[in-house]
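One structure is given below, encoded as structure tokens.
Residue numbering restarts at 1 for every chain, and letters A, B, ... go by the order of the sequence lines.
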2 protein chains.
Amino acid sequence: MIERRNQSGSGLHDPILEKLGMEIAAGELPTGHVLTLDGIQERFGVSRTVAREAMRILESMGLVQSRRRVGITVRPIADWNVFDPKVIWWRLSGPARGAQLRTLTELRIAVEPLAAGAAARAATAAQRSRVVELAATLRRLGEAAELTEFMERDVEFHALLLQASGNEMFGALADVVAAVLRGRTQLGLMPHKPVPQALDLHEAVAAAVAGGRSAEAETAMRALLVEVRSAMLPG
Amino acid sequence: MIERRNQSGSGLHDPILEKLGMEIAAGELPTGHVLTLDGIQERFGVSRTVAREAMRILESMGLVQSRRRVGITVRPIADWNVFDPKVIWWRLSGPARGAQLRTLTELRIAVEPLAAGAAARAATAAQRSRVVELAATLRRLGEAAELTEFMERDVEFHALLLQASGNEMFGALADVVAAVLRGRTQLGLMPHKPVPQALDLHEAVAAAVAGGRSAEAETAMRALLVEVRSAMLPG
DNA sequence: TCAACGGAAAGGTAACACCATTTGCACCCT
DNA sequence: AGGGTGCAAATGGTGTTACCTTTCCGTTGA
């Protein structure tokens, strides 16, 4: 399982939100499908209040629309908040997983190079030294083919740079990138052993960030991600 | 007013969601501040159910966390779903407007060039001709200094390319970019008359997309956005 | 120092009145 | 006969109230 880092307060609506969200994201409840509160109550054995609250959340994410007399209608994907971590998670968990990984990878290629460049300008001293340290660790783990541990450090590496960018919208993508990295290894889209070039590029990014060389950090990160994508495509 | 294109079902929680969301986004309710359902009920004169539903939505956006015996606590911005259109809207409406415009502009620089490149590969024939048409219209309106109409066509131009990219995550940013463009003119961050270079670049992007020249579309769009940012920064 | 306890506040259930919208049917005019 | 108009009933979300349960924070007392 991909780790679930949501706070999820164990509430009663959480399971039903999860189930309905997944079914919608998976397309099992297609656009235009109509649910009713009564149906939800009965299906999950909960009170109306709970059913309503779950539905409200779904509605605020754009997955459904609630209208009087007609019920709760599933909306087309164009209306979804596709940046909502829950929605991303649901799509990653369902049959659209491959497509979601592809769109997320494109997003990474767009954002992470700029984030790395910004981090080279904005990172704290602690962050700069940590990123260098992480790159060295990745080198060691990669050459030892310690895949799981490598992935966890890689998650930390990318999250650190996104958060050090000083742009909270970039920082908010850290969890999403973590999900992508974990999902990718889980899907077997990783090479059996990280290619040396990737290790070089991690180190190049780290060195550029540590040295405050913004443009260099950006291009190195871009090269790294393009390499990642090319490794994903053919399978 | 920046146009509000939310569906906002006129419900009774919508006003209270709006008010609380704005107050949190504005920092009037600082991180750690504690609300109670009773307080919300009383303040807005609504029943417990309505207060709870509004709170649930806020919670699903990461703005607050609800805990028994403690109340409803405002969470730090790092936990917010800063890509949620409502959150973006609230931040744009409050004192953080300038900061939000800056982070959004960085996001645009990250995403729109890649989206334009993807659009050059994926756009339909209708979209290709429309983008060329829009660029010509922008030229005409820009030279005539028809600022309002120019902005509306500009919104359409950028939205079209984001949606034509074939990546629904990029497409979902269309509304956000629209808000940025409208907010920017409203803030007076636009030159009195669009600079000729910007008009040239719009046409260059359009021609490259229409001709399927992906790399060219990408670099032209990047140049356009960098120009936009430099126009915003000094004032 | 730590365990027990009281109470505050959210979590959840149930029953109800209300209201908007749709559906369908009756009616009337052409 | 056909079709539009309008009334009425069914349906399903919206909002309110009352009440009980569960969780933990803070205090108190051994």
Side-chain angles (χ1 to χ4, degrees), chain A residues 4 6-21 23-24 29-76 79-80 86, chain B residues 6-21 23-24 29-76 79-81 86:
Chain A
R4 187 58 190 274
N6 238 2
Q7 68 285 355
S8 73
S10 78
L12 245 212
H13 27 286
D14 226 60
I16 122 174
L17 184 68
E18 209 72 5
K19 199 79 178 58
L20 291 178
E23 289 181 2
I24 294 172
L29 299 177
T31 300
H33 183 92
V34 175
L35 299 163
T36 65
L37 285 177
D38 287 310
I40 296 172
Q41 281 185 76
E42 200 191 347
R43 173 170 172 198
F44 295 95
V46 294
S47 71
R48 200 169 187 77
T49 309
V50 171
R52 283 174 61 168
E53 284 174 4
M55 184 273 291
R56 280 273 184 276
I57 297 173
L58 250 19
E59 188 173 37
S60 87
M61 298 191 296
L63 296 208
V64 301
Q65 185 177 20
S66 167
R67 286 173 57 208
R68 284 190 163 170
R69 160 71 208 198
V70 54
I72 298 152
T73 315
V74 176
R75 294 170 75 181
D79 293 339
W80 299 358
K86 285 195 210 62
Chain B
N6 239 1
Q7 68 285 353
S8 73
S10 80
L12 195 32
H13 26 280
D14 225 60
I16 122 175
L17 184 67
E18 211 72 5
K19 200 80 179 60
L20 291 177
E23 290 181 1
I24 294 172
L29 299 177
T31 299
H33 184 92
V34 175
L35 300 165
T36 65
L37 285 178
D38 286 314
I40 296 172
Q41 281 184 77
E42 199 190 349
R43 172 170 172 197
F44 294 96
V46 295
S47 71
R48 196 167 185 80
T49 310
V50 171
R52 281 175 60 168
E53 284 174 6
M55 183 273 293
R56 278 276 185 278
I57 297 174
L58 249 22
E59 188 173 38
S60 86
M61 297 191 298
L63 295 208
V64 301
Q65 185 178 19
S66 171
R67 285 176 59 206
R68 283 186 172 165
R69 163 67 206 188
V70 166
I72 298 153
T73 316
V74 175
R75 295 169 76 183
D79 292 339
W80 299 357
N81 287 177
K86 286 196 210 65

Between CZ of R68(A) and C1' of dT22(C) the distance, given in whole Å, is 14 Å
May I ask you to verify if any side-chain N or O of R48(A) is less than 4.0 angstrom from the OP1 or OP2 atom of dG13(D)? yes
Between CG of L12(B) and P of dA20(C) the distance, given in whole Å, is 13 Å
Here the distance between atom C1' of dT16(D) and atom CD of Q41(B), to the nearest Å, is 10 Å
Query raised in the report: Below 4.0 angstrom from OP1 or OP2 of dT14(D), is there any side-chain N or O of R56(A)?
Result: yes
With the side chain defined as heavy atoms from C-beta on, S47(B) is closest, among dT23(C), dC25(D), dG15(D), to dG15(D)
- Item | Residues R56(B) and H13(A): side-chain donor-acceptor under 3.5 angstrom | yes
R67(A) CZ to dA20(C) C1', in whole Å, measures 11 Å
Note: for T49(B) and L37(B) on DNA chain C, the residue whose nearest nucleotide lies more 5' is L37(B)
Taken to the nearest whole Å, CZ/R52(B) to C1'/dT13(C) is 10 Å
Tightest non-hydrogen contact, residues W80(B) and R75(B), listed as NE1-O, 3.0 Å
Between NE2 of H13(B) and C1' of dT14(D) the distance, given in whole Å, is 8 Å
N-O pairing of R43(A) and E23(A) below 4.0 Å = yes
Testing dA10(C), dT21(C), dT16(D) for proximity to the side chain of R69(A), the answer is dT21(C)
Taking dT13(C), dG12(C), dG13(D) as options, the one with an atom nearest any side-chain atom of D38(A) is dG13(D)
The side-chain contact (heavy atoms from CB on, under 4.5 Å) partner of I72(A) among L37(A), V34(A), T36(A) is L37(A)
D14(A) CG to dG12(C) C1', in whole Å, measures 15 Å
Correct closest heavy-atom pair for E59(B) and S66(B) would be OE2-N, 3.1 Å
Among the nucleotides dA20(C), dT16(D), dG11(C), whichever has the atom closest to the side chain of S66(B) is dG11(C)
Note to self: What's L35(A) touching, base or sugar-phosphate or nothing? Going by heavy atoms closer than 4.0 Å.
What the structure shows: sugar-phosphate
Taken to the nearest whole Å, CD/E42(B) to C1'/dA9(C) is 15 Å
